[in-house]
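Counting starts at 1 for both ligands and their atoms, following the listed order. No hydrogens, no waters, no symmetry mates; every other heavy atom, side chains included, goes into these values. The shown structure was predicted, so the numbers you read here are calculated from the model rather than taken from an experiment.
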Amino acid sequence: MNILITGGSGFIGSHLTKFHLSKNDEVTVVDNYVTGSKKNLASEINNKNLKIIEADITNFDFSSLTTFDIIYDLASPASPQDFKNLSIEILKTNSVGLIDVLDFFIKSNSKTFVFSSTSEVYGDPLEHPQKESYFGNVNPVGLRSCYDEGKRFAEALMMSYFRRYDCDIRIARIFNTYGPFMKRDDGRVVSNFVNQAINNQPLTAYGNGTQTRSLCYVSDMIEGLYSLATTKNISGEIINIGNPVEKTIIEIADIIKKLTNSKSEISFKAIGADDPKKRCPDITKAKKLLSWEPKVDLETGLKKTIEYFKNI
Ligand code: UDP
C-alpha cells in the first residue's frame, strides 16, 4: 500500500510509520518537526520505502504528491505543555492544515482518510466512562481550548467533507498513549514520572493526584489505528482508541516507583486550569467494529518505557 502520514515523525506517528514500513508499504511522511524529531525515524533513514518531506501542513503544496491508499493525519502538537507555547499553531494545523490535506485527499482520489482526534473533545467529562456519543464538557476559551476546540472543529470538518463528498473518512479519538519515543521533556505524566523516578527526583503530582487517566501502550494504539484504517465499511465512524484500565495519578506514580526501585517521594504541585478530573474510554464500539482491544498491561508497557528512557 501507499501511505501518507502527516506528523509521521512524532511519537505515535513514528511508530505508525515503522509499522507500515515493516509491512513493506511505501510511506511518505510530512512533518515540520515542531514537536516531532528526526531521531524518531533515524533507524529507517536508509529504507527505500520511506520518503520524508520536511514541511508544515498549513503551508505545503500537496499537489506534488500522488494517490494514497491511506492518509493518516497526525500532524498536531498534543501535549498540555504545547497548549501554552503553540496554541495558534495547534489551531491552524487542525483547521487550515486539515482543509489542505482533505482537499488533497479528494482531488487525488486517495482511498481512506484517518484523522487523529482526541479524548480532549470530551473536555472535563460529566459522563464516565466516555462513549463516542457524549458531546463533552469543554471550556471554549480556557488554556486547553486551542487543542480541545481545534480537534472539535477538525471533527466537524471531517464530517462536512464526508457528507458533501461521500468520501471514506474515519476519526480516531485517541486516549492517553505512552511508550518508547515519547519526548522526555514533553511534560506528560508518564515521561515526567519515569524520568523523575530513574533520576531519584521527586515525582510531581499535580493537584492532589486523585484525577484519573487510562493509559494505552503505543503498540496497542498503532494496531487500533491500523484496524480503523483498514476495516471495511466503517466510513464516517468515530471511534475511541484507548485502554480502559483507569488509574489515579498517585497510583501511576506508585507503579512507576515500584518498577524503577526508586526512592523518590511524591511532591504535589499546582494543577493547570481545566485539567480533566477523570478520563476513561468506553471501547465497546472499537471492540465491535474493529475487533480490537488493547493487549499490553500497564506494568509490561511501563517496563518497556522505563528501559527506553534509561537507554537514551
Ligand atoms: N500530571 C501530573 N504530573 C506531571 C504531569 C502530569 O500529575 O508531572 C497529571 C496532569 O495534571 C493530568 C495527568 O497527569 O491530570 C495527565 O497529564 P498529561 O499531560 O500526561 O496528559 P493529559 O491527559 O492532561 O492530556
K.L.:
Using side chain to side chain contact (heavy atoms under 4.5 Å, CB included) as the criterion, point out the one residue from T112, I70, L289 that pairs with R170.
P.N.:
T112
K.L.:
Using a strict cut-off of less than 4.0 Å between a Lys/Arg side-chain nitrogen and an Asp/Glu carboxylate oxygen, indicate whether E149 and R144 qualify as a salt bridge.
P.N.:
no
K.L.:
Does ligand 1 have any N/O atom under 3.5 Å from a protein N/O, and what are those pairs and their distances?
P.N.:
from: ligand 1; atom 1: 3 (N); to: T204; atom 2: O; distance (Å): 2.5
from: ligand 1; atom 1: 7 (O); to: Y206; atom 2: N; distance (Å): 2.8
from: ligand 1; atom 1: 8 (O); to: N192; atom 2: ND2; distance (Å): 2.8
from: ligand 1; atom 1: 8 (O); to: T204; atom 2: O; distance (Å): 3.2
from: ligand 1; atom 1: 8 (O); to: T204; atom 2: OG1; distance (Å): 3.0
from: ligand 1; atom 1: 8 (O); to: Y206; atom 2: OH; distance (Å): 3.4
from: ligand 1; atom 1: 11 (O); to: Q211; atom 2: NE2; distance (Å): 3.3
from: ligand 1; atom 1: 11 (O); to: D275; atom 2: OD2; distance (Å): 2.5
from: ligand 1; atom 1: 15 (O); to: Q211; atom 2: NE2; distance (Å): 3.1
from: ligand 1; atom 1: 15 (O); to: R213; atom 2: NH2; distance (Å): 3.3
from: ligand 1; atom 1: 15 (O); to: D275; atom 2: OD1; distance (Å): 2.7
from: ligand 1; atom 1: 15 (O); to: D275; atom 2: OD2; distance (Å): 3.3
from: ligand 1; atom 1: 20 (O); to: V189; atom 2: N; distance (Å): 2.8
from: ligand 1; atom 1: 21 (O); to: N176; atom 2: ND2; distance (Å): 3.4
from: ligand 1; atom 1: 23 (O); to: N176; atom 2: ND2; distance (Å): 2.8
from: ligand 1; atom 1: 23 (O); to: R213; atom 2: NE; distance (Å): 2.6
from: ligand 1; atom 1: 23 (O); to: R279; atom 2: NH1; distance (Å): 2.8
from: ligand 1; atom 1: 24 (O); to: R144; atom 2: NH2; distance (Å): 2.9
from: ligand 1; atom 1: 24 (O); to: R213; atom 2: NH2; distance (Å): 3.3
from: ligand 1; atom 1: 25 (O); to: R144; atom 2: NH2; distance (Å): 3.3

K.L.:
V296 and I12: same hydrophobic cluster, using ILVMFWY side-chain contacts below 4.5 Å?
P.N.:
yes
K.L.:
Just checking, is any N or O donor in the side chain of Q196 or T204 under 3.5 Å from an acceptor N or O on the other one?
P.N.:
yes
K.L.:
Look at the rings of F181 and Y308 and say which category their plane angle falls in: under 30° parallel, 30 to 60° tilted, over 60° perpendicular.
P.N.:
tilted
K.L.:
Is E299 salt-bridged to K258, cutoff N-O under 4.0 Å?
P.N.:
yes
